[in-house]
Amino acid sequence: MSQQQISLPAKLINGGIAGIVGVTCVFPIDLAKTRLQNQRKGQQVYKNLMDCLIKTVRSEGYFGMYRDVGPPWDSAAVNLTLVTPEKAIKLAANDFFRHHLAKDGKGLTVFKEMLAGCGAGMCQVIITTPMEMLKIQLQDAGRLAAQQRMPGILASNKLAPTNAVLSRSYNVVPSSSAQAVSATQIAKELLLTKGIQGLYKGLGATLMRDVPFSIVYFPLFANLNRLGKQSEGDVAPFYWSFVSGCVAGSTAAVAVNPCDVVKTRLQSLSKGANEETYSGVLDCVRKIMKREGPSAFLKGAGCRALVIAPLFGIAQVMYFVGVGEFILGQSPFNLLSP
């Protein structure tokens, strides 16, 4: 990156819009990913991605893919509310670090690109951890409900001890009077009972996932996107940036999927039938390896790749088009390839 000045407000707007558009498109797949990752050996409710989506639509309706036991669109609203600043921080921070690591307009080395990605990943967990914490509670409730309806599981099902609001949010016994609990109520109860650290449960696992992801994604995208430039001074066409974002995003997502499985398990506050609890990252890794084998760390990898690829492809198109710059009156839309 050259030493030209960057506009952080414009970058934040681009990242925020990319987050809103991307989440709206891929949220159902993200929901399926969470449910697949939380399944234990011998207690599978869903066979694969399509089976999970079909069963969700049948039991909860089309909009069930955008919500769980809470009010309509509650889980999606959590994602939209928090993923917008999360994506904005991640993408803008990477640009900020790349800008300050560049010297005399020269291109960055791969090591410096990885360093910028590392900084971006560390910045984003401020938003990512509470976002994932609330989202997982809402997304996984449907799996618990489906598991309890399965023959032979109802009698043995026992939810892990938790506070009153969280217990109501996991009231998965089929009932017409089941009480809906929103993400706001869950967040409020966590803050009252556990303090701010309640929302940041799984912070270590989130860092383990997001920092390596950014270290892989940003240098890979930069180098793939560079291949689409006809000359050093040009910019790659928008479709090339989209494809580069998709390829880099899916590659990084699969690479860190084991960390995502551990993070999901740690942040799930309520457990289904005979599901174990974990005292920390190492305890979680040990128990998963012992009881489910190495393949358990790849649960939801395909779903995660399908979620991340368009999210970051869309983000790079937002950057190419220059929506943030246009809104701030810094430049017109850049819709045509150079």
Side-chain angles (χ1 to χ4, degrees), residues 1-26 78-103 105 107-108 110-132 203 206-207 209-226 235-236 238 241-242 244-246 248-249 252-253 256 307-334:
M1 180 180 289
S2 66
Q3 282 295 90
Q4 63 183 23
Q5 291 297 312
I6 62 171
S7 172
L8 281 180
K11 300 298 183 185
L12 289 169
I13 291 172
N14 288 334
I17 293 174
I20 292 171
V21 176
V23 166
T24 303
C25 294
V26 304
V78 171
N79 233 17
L80 283 171
T81 302
L82 293 176
V83 83
T84 302
E86 182 261 330
K87 283 287 176 289
I89 291 171
K90 185 188 192 84
L91 296 168
N94 179 69
D95 280 345
F96 176 82
F97 289 124
R98 287 176 67 92
H99 176 77
H100 286 282
L101 285 170
K103 290 184 178 179
L108 294 175
V110 173
F111 175 75
K112 286 186 176 181
E113 289 178 336
M114 293 171 69
L115 196 60
C118 177
M122 293 183 72
C123 289
Q124 79 171 87
V125 296
I126 298 170
I127 298 294
T128 305
T129 306
M131 175 192 76
E132 295 276 325
L203 174 62
T206 307
L207 279 168
R209 182 196 67 174
D210 289 348
V211 172
F213 176 91
S214 296
I215 289 173
V216 173
Y217 171 77
F218 285 112
L220 183 56
F221 168 76
N223 285 279
L224 288 174
N225 197 51
R226 196 173 295 127
V235 294
F238 80 93
S241 294
F242 176 79
S244 298
C246 288
V256 302
V307 168
I308 295 298
L311 267 178
F312 282 90
I314 291 168
Q316 298 306 334
V317 170
M318 292 299 107
Y319 266 50
F320 177 89
V321 172
V323 176
E325 287 80 1
F326 175 78
I327 290 173
L328 296 177
Q330 296 174 358
S331 67
F333 276 126
N334 183 20

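The figures here come from the full heavy-atom set of this structure, side chains too, leaving out hydrogens, waters and symmetry mates.
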- Show the numbers, then the answer: is there a side chain to side chain contact (heavy atoms under 4.5 Å, CB included) between Ile89 and Ile126? CA-CA 9 Å; Ile89 291 171; Ile126 298 170; 5.7 Å; no

- Kindly indicate, with the supporting measurements, whether the criterion side chain to side chain contact (heavy atoms under 4.5 Å, CB included) is fulfilled by Leu101 and Leu115. CA-CA 9 Å; Leu101 285 170; Leu115 196 60; 4.2 Å; yes

- Message: Could you walk me through whether Cys118 and Met114 satisfy the side chain to side chain contact (heavy atoms under 4.5 Å, CB included) test, starting with their C-alpha distance in whole Å, then the side-chain angles of each, then the deciding distance to 0.1 Å, before giving a yes or no?
- Response: CA-CA 6 Å; Cys118 177; Met114 293 171 69; over 6 Å; no

- Task: For side chain to side chain contact (heavy atoms under 4.5 Å, CB included), just list the numbers for Cys123 and Phe97, CA-CA rounded to whole Å, side-chain angles, deciding distance to a tenth of an Å, and then say yes or no.
- Result: CA-CA 11 Å; Cys123 289; Phe97 289 124; 4.1 Å; yes

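Distance CD1/Ile314 to CD1/Ile17: 12.5 Å, rounded to 0.5 Å. Taking CG from Asp95 and CZ from Phe218, the interatomic distance works out to 8.0 Å, rounded to the nearest 0.5 Å. Atom CG of residue Asn94 and atom CD of residue Glu113 lie 9.0 Å apart, to the nearest 0.5 angstrom. Note: Arg226 CZ to Asn223 CG = 4.5 Å, rounded to the nearest 0.5 Å. Rounded to the nearest 0.5 angstrom, Asn14 CG and Leu91 CG are separated by 8.5 Å. To the nearest 0.5 Å, the span separating OH on Tyr217 from NZ on Lys90 amounts to 9.0 Å.
Taking the six-membered ring for Trp and the full ring otherwise, the centers of Phe312 and Phe221 sit at least 6.0 Å from each other.
The two atoms that bring Ile308 and Gly249 nearest to each other are CG2-O, 3.3 Å, heavy atoms only.
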